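See structure below.
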Amino acid sequence: MERAVLQITLFGLLLALAATQPNKDNWDIYSFHINSTVTSRYATTVITSRMANRMDESKEIEFHVRIPKNAFISKFRMFIDGQVYDGVVKGKEKARQQYTEAVSRGQSAGLVSSVGRTLEEFKTSVTVAAHKKVTFELTYEELLKRRLGKYELQIHARPMQPVKSFKVDVHIHEKSGINFVEVKGGLALADAINKTHADNEVWVNFYPTEDQQKTCTSCGEQGMNGDLVIVYDVNRDSGLGDIKTSAGYFVHHFAPSSLTPISKNVVFLIDRSGSMHGKKIRQTRLALIHILNDLSEDDHFGLITFDGSISYWKRELVQANQRNLESAKIFSEDIRESGSTNINSAVLEGASMLNAHPREDSASILILLTDGDPTTGVTNLEEIQSNVRVAIADKFPLYCLGFGFDVNFEFLEKMSLQNNGVARRIYEDSDADLQLKGFYEEVATPLLIDVTMSYNGGTNLTQTEFSQYYNGSEIVVAGKITDNDIGTFTPQVIAISSSKKMTFSNPNGTVESTGTESADHIQRVWAYLTVKQLLKKELLLSGAEKENVKREALELSLKYSFVTPLTSMVVTKPEGGETEVLHKPKEGEAPQTGSRHQNIAYSGTVMHTFGARQASPGARQGLPGTPAYGRGLGLGSASGSASDSGSRLTKLNAGRAGRDPTMTQRGHTVPLVGLGLGFHAQDMDSLGTSDIEDLEEATMLSPNNPTMTQHDHTVPLVGLGLGFHAQVDVAPTQVHATIVPATDNIPVSHRFLLKTENQSIPLCFDVTGDVRLKLLHHPTSELSVHGELDSVTNGGFTRIVIQLNADLYVDVEVNKITVIEGSRMTHHTGQDPITAGSWTIIRRDKDIDVAGGDTHLVILIQGKDAQSFLWPVLRQQSSDSAEGILALNPVYEEVPQTPTTKLRIKDQENDVTRDNAADYSISPPLTLDCWLLSADSALQRRLEAFIV
């Protein structure tokens with residue numbers, strides 16, 4: 001076999017064989033049915049997908065659907081060859097071991113992850129024999145929430161191929177009668193929809209032909225991928241509302257009509273910090289002007305903007321008359337972004353303004369809009385929350401709007417819940433101003449305040465006290481009826497309207513059993529509401545109280561088979577008893593996903609022999625002060641010598657992978673991703689040798705790639721570490737791997753900013769090439785931070801490695817954090833806190849916190865999707881003698897009276913030019929003016945001193 005030489009770089013010796021997604025041309029979805037039943041606003045939806053493997057060999061078939069974020073999955077089943085494989089809901093901790101074992105085997109973990117504003121994605125897969133069929137069945141449940149006078153049932157269909165039998169059936173039954181119903185969404189084809197409305201029932205049937213599945217707004221040659229939305233409302237009166245009972249449980253829907261609106265006092269708190277730059281601040285200004293136009297003349301309002309300081313339009317509430325509104329619009333149009341974020345002072349000032357101007361027969365509201373974390377003033381989150389609770393003192397609700405994904409949404413949610421409000425994420429999109437305006441419309445018209453729902457003869461009640469009831473919304477309470485004695489069950493609502501105290505009660509004094517609900521329907525509504533509210537309550541508690549609430553929510557989730565943030569569904573797959581585990585994320589949380597890769601599926605164990613030679617000329621230097629590759633992470637020495645490696649053999653642990661008998665032919669690509677020392681390696685064709693070192697999880701290649709049926713494999717090796725030349729052959733009786741020649745890449749340039757203590761314009765310099773840089777080192781400790789730049793112009797770091805001590809490393813990538821302790825390696829992809837020695841690592845959507853002792857490092861995740869990269873920011877350091885690019889804090893002054901601009905840095909004059917650079921130390925980054933000079937001049941030593 002011909003051999004080709006490739007110069008490659010590795011950052012350890014972990015070799016993984018990457019998989020591709022299943023090829024959807026290999027299977028046929030011949031039936032896709034969605035059946036949704038809505039009774040008393042509670043929807044149960046079943047998605048059934050029937051698929052067939054039309055190939056002459058086993059293939060992986062994928063089930064991939066999207067469901068509403070507000071829903072709980074309650075059942076998942078697979079039918080294969082007459083066998084039923086049921087998902088079982090377990091506590092997340094009990095499922096964790098099965099999840100970890102599945103991931104360590106390289107198996108795909110079933111998962112639920114957030115997609116956009118209203119949907120979550122569920123996907124799983126199973127290997128189906130040639131010419132066999134599989135049926136997937138997923139059930140989820142949700143309580144529809146009334147907003148702006150209507151309910152919306154969102155059904156998302158994405159078979160992504162025309163389906164011979166495609167059906168959506170919706171049946172809605174509401175005892176009080178259905179006022180109106182309409183069907184909309186990207187799948188709403190008038191010719192394929194049949195709608196029947198009969199008093200208190202509605203039937204919607206959507207049966208598009210295969211041709212029609214290519215012609216709707218959200219359709220194409222690949223079939224449908226969009227929403228069908230059923231919008232409706234029920235008939236209402238001004239009384240007690242709609243109460244249903246069954247089998248000892250009740251649910252009460254309260255939304256009286258024909259009430260006089262209450263005038264309101266509202267203060268808007270608008271974040272104008274630097275991170276609101278660009279579209280965000282423009283959309284905020286536009287939304288604020290729209291909202292001001294909607295204020296009633298009976299309303300009073302205030303407007304506060306903030307960065308590191310507070311700015312008032314006026315220092316007191318004023319009436320929303322025409323003159324004041326015009327003045328407020330002018331103020332709003334002039335809002336400009338700059339500075340830091342002082343959330344604590346802003347909210348306290350807003351609360352003070354409302355407290356200082358109370359009005360009888362009015363409702364007060366405080367609305368905060370921010371896009372980031374507090375960065376100045378009081379920055380401790382718990383202290384801010386405590387201050388706000390004291391200031392508001394349960395007098396009015398606080399609504400928090402988090403703009404984008406850089407914001408700490410959990411902080412805002414907790415602060416809102418502590419003060420009888422809610423938090424809402426505003427998505428960075430072209431309609432962000434409409435999202436802001438839409439939220440305001442939901443709270444724009446208070447009808448009742450201080451609402452108390454009481455139920456004599458009721459127990460185990462969900463929330464019964466509400467600060468305000470708004471026009472177009474609905475209050476829902478569920479509970480148990482004591483001893484199932486409906487004769488003694490007496491509901492009553494007491495609230496304050498615009499001018500008086502009001503009591504809503506049943507004129508007959510008692511409630512009759514509905515008798516038409518299914519035995520467990522109302523019970524499941526109660527369980528759903530209770531779990532939702534317990535999960536929110538858990539955010540507000542700590543210690544034993546918090547654990548008790550979590551335990552109660554977990555017990556209910558398990559009893560009713562709800563997949564919640566506290567539970568996971570474990571699915572046993574037919575091949576070899578494998579398991580999948582799916583988790584439900586919290587709002588804004590990255591999903592816990594396992595590798596999509598699986599071990600190579602062939603018989604026998606493969607040994608690769610690496611012969612250590614001198615690094616080739618120009619090979620990159622390894623990262624200093626790290627152990628030999630046999631100990632886990634395996635970074636090279638400072639000199640770049642590979643002599644320590646000796647003539648070692650590494651076993652690629654493929655013993656578990658002997659399942660695919662098809663890998664006996666020629667010609668496909670197997671990418672290898674590695675971590676290791678740099679050396680010149682040749683003739684990796686020794687198999688079955690006994691002098692080996694085990695490296696767990698070394699080989700993970702999916703048998704799911706339909707092209708993996710051939711024999712000579714092109715194997716590109718990718719990594720971070722020392723450079724070496726390699727030629728790779730595997731014995732012909734097993735797998736042949738051929739390295740392809742590398743092509744020379746054009747060096748790219750990365751621009752760095754150095755902010756200074758004494759000047760407003762920072763320094764900037766360029767670093768050429770995808771080199772590894774020394775970012776931070778404490779001479780008095782073992783802490784070192786290094787990173788590799790990517791090969792994308794204006795990009796950042798692909799990987800950052802933090803050495804905490806001689807045996808402990810944290811390897812950070814965009815999608816994964818790996819902790820290496822001695823020979824033990826653990827991978828983390830979720831958002832659970834990670835402990836490494838005395839250090840804590842916390843991953844969020846767009847940043848990773850690494851803290852220990854007096855050192856605090858934040859690694860921002862910039863860019864999007866495949867273009868994402870890392871950028872480290874040193875928030876706090878324990879030593880003034882720290883070295884590295886992150887520790888630099890230059891001081892300069894302009895040299896006066898020179899023909900060209902010069903800066904003096906440490907008594908040395910340097911030529912500079914005015915330029916600009918992206919400031920990746922904030923998210924999203926801003927473009928700043930800077931003084932551009934050579935890297936050596938900016939660093940005050942040769943750049944090579946910072947390259948490892």
Side-chain angles (χ1 to χ4, degrees), residues 145-151 176 179-180 233-242 252-268 287-303 316-325 328-329 350 353-355 357-367 392 394-399 401 416 419-422 424 434 436-453 465-477 493-505:
K145 188 170 184 178
R146 188 171 186 249
R147 288 193 175 100
L148 301 176
K150 57 183 180 292
Y151 306 96
S176 55
N179 181 269
F180 76 91
D233 196 18
V234 302
N235 297 326
R236 303 187 182 278
D237 56 32
S238 57
L240 184 61
D242 185 11
H252 181 190
H253 297 269
F254 178 70
S257 60
S258 305
L259 296 175
T260 302
I262 301 174
S263 65
K264 61 182 179 292
N265 313 306
V266 57
V267 173
F268 301 97
L288 194 53
I289 290 169
H290 283 310
I291 290 169
L292 291 171
N293 284 330
D294 288 344
L295 288 174
S296 167
E297 192 167 357
D298 292 332
D299 295 333
H300 285 62
F301 73 103
L303 185 54
E316 67 281 328
L317 292 176
V318 299
Q319 186 179 2
N321 57 37
Q322 191 63 34
R323 185 183 67 179
N324 287 333
L325 290 175
K329 290 176 193 175
M353 184 179 288
L354 286 172
N355 286 326
H357 299 86
R359 292 193 302 138
E360 290 188 7
D361 302 326
S362 66
S364 293
I365 303 170
L366 189 58
I367 299 178
I392 292 179
D394 288 328
K395 297 175 185 175
F396 44 82
L398 168 65
Y399 297 104
L401 306 180
S416 294
N419 295 282
N420 304 303
V422 296
R424 181 80 57 84
L434 298 179
L436 290 167
K437 185 174 182 290
F439 173 81
Y440 171 75
E441 289 174 348
E442 291 183 39
V443 300
T445 311
L447 298 178
L448 296 171
I449 59 175
D450 298 333
V451 181
T452 300
M453 320 278 286
E465 294 187 353
F466 303 86
S467 60
Q468 299 183 359
Y469 160 67
Y470 298 101
N471 186 41
S473 68
E474 181 176 64
I475 292 174
V476 183
V477 178
V493 180
I494 299 175
I496 297 174
S497 70
S498 59
S499 58
K500 60 182 178 180
K501 181 177 180 180
M502 297 188 68
T503 300
F504 301 84
S505 59

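Since we're looking at a predicted model, the values are computed, not measured. Position 1 is the first residue of the sequence, and the numbers go up from there. These numbers come from the heavy atoms of this one structure, side chains and all, not from hydrogens, waters or symmetry mates.
Scanning all heavy atoms of the two residues, the minimum distance from M502 to S497 falls at SD-CB, 3.4 Å. In plain terms, the two heavy atoms of L259 and L447 that are nearest each other are O-CD2, 3.8 Å. In terms of heavy atoms, A320 sits closest to S296 at CB-O, 3.3 Å. Minimum interatomic distance between N321 and N324 (heavy atoms only, all atoms of both residues): OD1-N, 2.9 Å. Listed here is the closest heavy atom pair of G149 and D233: O-OD2, 3.2 Å. For K264 against A444, the heavy-atom pair with the smallest separation is NZ-O, 2.8 Å.
F439 and Y399 have perpendicular rings, their planes meeting at more than 60° on a 0 to 90° scale where under 30° would count as parallel.
Every residue meeting the ring pair (Phe, Tyr, Trp, His ring centres under 6.0 Å) condition with F254, not counting sequence neighbours, appears here in chain and number order: F504. Judged as a side chain to side chain contact (heavy atoms under 4.5 Å, CB included), and not counting sequence neighbours, the contacts of L148 are K150, E441, E442. A287 is linked by a side chain to side chain contact (heavy atoms under 4.5 Å, CB included) to D433, L436, counting only residues two or more places apart in sequence or in another chain. With sequence neighbours left out, Y151 forms a ring pair (Phe, Tyr, Trp, His ring centres under 6.0 Å) with Y232. Take F301 and apply the ring pair (Phe, Tyr, Trp, His ring centres under 6.0 Å) test, not counting sequence neighbours, and it matches W313. K395 meets the salt bridge (charged side-chain N to carboxylate O under 4.0 Å, His left out) test with no other residue; sequence neighbours excluded.
At least one side-chain heavy atom of K329 sits under 4.5 Å from a side-chain heavy atom of N293.
Under a 3.5 Å cut-off, the side chain of Q468 and the backbone N or O of S364 do form a donor-acceptor pair. Side-chain atoms of S498 never come within 3.5 Å of backbone atoms of I262 as a donor-acceptor pair (strictly under, hydrogens ignored). Remark: side-chain polar atoms of Q319 are paired, donor with acceptor, to backbone N or O of E297 under 3.5 angstrom.
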